[in-house]
Amino acid sequence: MEEAHLCVTLVPLFNHLGIAEQREINSLVTHQKFKKGEVILSPELSAQLTIVARGAMKVYQLSANGREQLLRVVEPGGYEGENLLFGAKNENLFGEALEDTEICRLKQSDFQDLLLKQPKLTLKLLAINAEKSNQVEQQTRFLMMEKVEERLATYLLDLYKVTKDPEVLIPMKMKELAAFLGTTPETLSRKFRLLEEEGLINRKGKHVHLADLEALEEID
DNA sequence: ACATTAAAAAGCA
DNA sequence: TGCTTTTTAATGT
């Protein structure tokens with residue numbers, strides 16, 4: 001029994017169930033390991049529930065020009081693909097391992113059987129999905145803002161609101177932040193420099209000091 | 001205003 | 001050092 005890998009117990013969706021049910025679910029699940037950079041989810045292989053047990057998976061879609069639009073980062077306990085299980089044919093949805101990552105997959109038919117047997121699961125799924133659509137709202141709120149400057153300022157202020165500290169640390173690579181904000185690393189770099197020249201921020205790599213919070217709020 | 005392309009500079013293992 | 005990430009500059013949409 002080398003598998004200390006009851007990923008079912010890690011997942012909010014399942015971990016409120018009794019041990020017997022968890023065992024049953026776990027027996028339906030297949031485990032996979034991915035190395036950093038490997039593709040976990042692609043449009044063809046996505047008719048299954050994918051759970052992150054360890055590591056992190058970024059979920060993104062490709063826009064017309066082939067640029068990626070990052071949607072979210074799924075961390076241990078999170079999952080992706082539940083809407084696909086109900087028939088929503090999300091075409092260009094991809095998932096990639098940000099680091100060495102362990103994944104559990106549940107087949108569509110098995111998952112549907114589970115929901116029939118465990119009505120509690122259906123409610124839990126609904127609740128967790130509601131939170132998820134909130135995050136999607138936040139993302140579309142970024143894309144509705146016209147200027148990159150504005151999106152960047154809003155992002156920095158969001159980090160500040162979380163920590164209450166004007167010394168902020170960008171938690172991802174600039175390349176990924178650019179994708180998150182819907183722009184390129186080049187433009188992002190220029191906007192950072194612009195804000196620095198205007199005296200609104202100081203930056204040393206990924207450490208950013210928010211010098212003028214009020215002015216950042218007013219960008220638009 | 002921003003993207004794209006190319007290339008230099010800076011970081012990191 | 002050799003590879004990856006970030007920045008700078010020139011040019012295109």
Side-chain angles (χ1 to χ4, degrees), chain A residues 32-43 45 50 52-76 78 80 90-103 135-163 165-220:
Chain A
Q32 293 175 282
K33 296 185 182 185
F34 292 89
K35 291 180 182 175
K36 174 183 163 186
E38 287 184 322
V39 174
I40 297 172
L41 216 64
S42 71
L45 305 171
T50 302
V52 176
R54 255 211 286 284
M57 173 177 74
K58 75 170 173 183
V59 177
Y60 60 96
Q61 53 190 6
L62 298 179
S63 51
N65 46 26
R67 238 164 27 86
E68 84 176 47
Q69 173 62 53
L70 195 150
L71 294 180
R72 59 189 153 266
V73 174
V74 183
E75 299 189 300
E80 190 62 50
N90 254 326
E91 262 311 308
N92 55 357
L93 192 69
F94 295 86
E96 184 181 316
L98 287 178
E99 51 196 274
D100 286 10
T101 298
E102 291 181 24
I103 291 298
Q135 294 178 15
V136 172
E137 278 180 38
Q138 287 185 16
Q139 183 62 27
T140 56
R141 151 180 149 240
F142 269 130
L143 298 175
M144 282 175 59
M145 290 187 268
E146 309 282 299
K147 311 178 116 187
V148 174
E149 242 166 292
E150 192 185 347
R151 283 175 246 165
L152 175 56
T154 304
Y155 175 77
L156 291 174
L157 286 168
D158 279 356
L159 288 183
Y160 166 73
K161 285 169 192 162
V162 171
T163 60
D165 186 349
E167 297 293 335
V168 143
L169 176 63
I170 308 289
M172 55 184 140
K173 286 182 265 181
M174 296 306 260
K175 188 175 88 181
E176 297 177 64
L177 177 57
F180 184 75
L181 297 177
T183 186
T184 59
E186 293 87 341
T187 296
L188 179 60
S189 172
R190 291 186 187 102
K191 294 308 176 187
F192 265 123
R193 186 156 53 92
L194 187 70
L195 293 180
E196 210 163 10
E197 282 166 359
E198 289 174 344
L200 306 194
I201 63 170
N202 285 354
R203 186 176 58 127
K204 26 165 185 163
K206 288 173 183 173
H207 295 271
V208 182
H209 172 69
L210 278 39
D212 192 337
L213 295 167
E214 283 208 346
L216 285 172
E217 296 271 14
E218 283 168 6
I219 291 181
D220 61 356

Measure the distance from CG on Leu181(A) to P on dA3(B) and round it to the nearest whole Å. 11 Å
Starting at NE2 of His209(A), measure out to CG of Asp165(A) and round the result to the nearest 0.5 Å. 9.5 Å
When rounded to the nearest 0.5 angstrom, what distance separates CG in Leu71(A) from NZ in Lys58(A)? 11.0 Å
Let me check something: any side-chain donor-acceptor pairs from residues 187-206 of chain A under 3.5 Å, sequence neighbours excluded? List them with distances.
| unit_1 | atom_1 | unit_2 | atom_2 | d |
| --- | --- | --- | --- | --- |
| Thr187(A) | OG1 | Thr184(A) | OG1 | 3.3 |
| Glu196(A) | OE2 | Arg203(A) | N | 3.0 |

Looking at Lys161(A), I want to see if its NZ is surrounded by more than 12 non-hydrogen atoms of other residues, nucleotides or ligands under 6.0 Å. yes
Angle of first-five versus last-five pair axes in the helix from dA1(B)-dT13(C) to dA13(B)-dT1(C), to 10 degrees: 20°
Pick out the pairs of N or O atoms, protein on one side and nucleotides 1-11 of chain C on the other, that lie under 3.5 Å.
| unit_1 | atom_1 | unit_2 | atom_2 | d |
| --- | --- | --- | --- | --- |
| dT5(C) | OP1 | Lys173(A) | NZ | 3.1 |
| dT6(C) | OP1 | Met174(A) | N | 3.0 |
| dT6(C) | OP2 | Met174(A) | N | 3.3 |
| dT6(C) | OP2 | Lys175(A) | N | 3.2 |
| dT7(C) | OP1 | Arg203(A) | NH1 | 2.5 |
| dT7(C) | OP1 | Arg203(A) | NH2 | 2.7 |
| dT7(C) | O5' | Ser189(A) | OG | 3.4 |
| dT8(C) | OP2 | Arg193(A) | NE | 3.1 |
| dA9(C) | N7 | Arg190(A) | NH2 | 3.2 |
| dA9(C) | N6 | Arg190(A) | NH2 | 3.0 |
| dA10(C) | N6 | Arg190(A) | NH2 | 3.4 |

Atom pair NZ (Lys36(A)) and OG1 (Thr101(A)), whose distance is rounded to the nearest 0.5 Å: 11.0 Å
What pair of heavy atoms forms the shortest contact from Leu181(A) to Tyr155(A), and how long is it? CD2-CB, 4.0 Å
For the residue pair Phe142(A) and Phe180(A), categorise the inter-ring angle as parallel (less than 30°), tilted (30 to 60°) or perpendicular (more than 60°). perpendicular
Are the side chains of Gln138(A) and Arg141(A) in contact, using a 4.5 Å heavy-atom criterion? yes
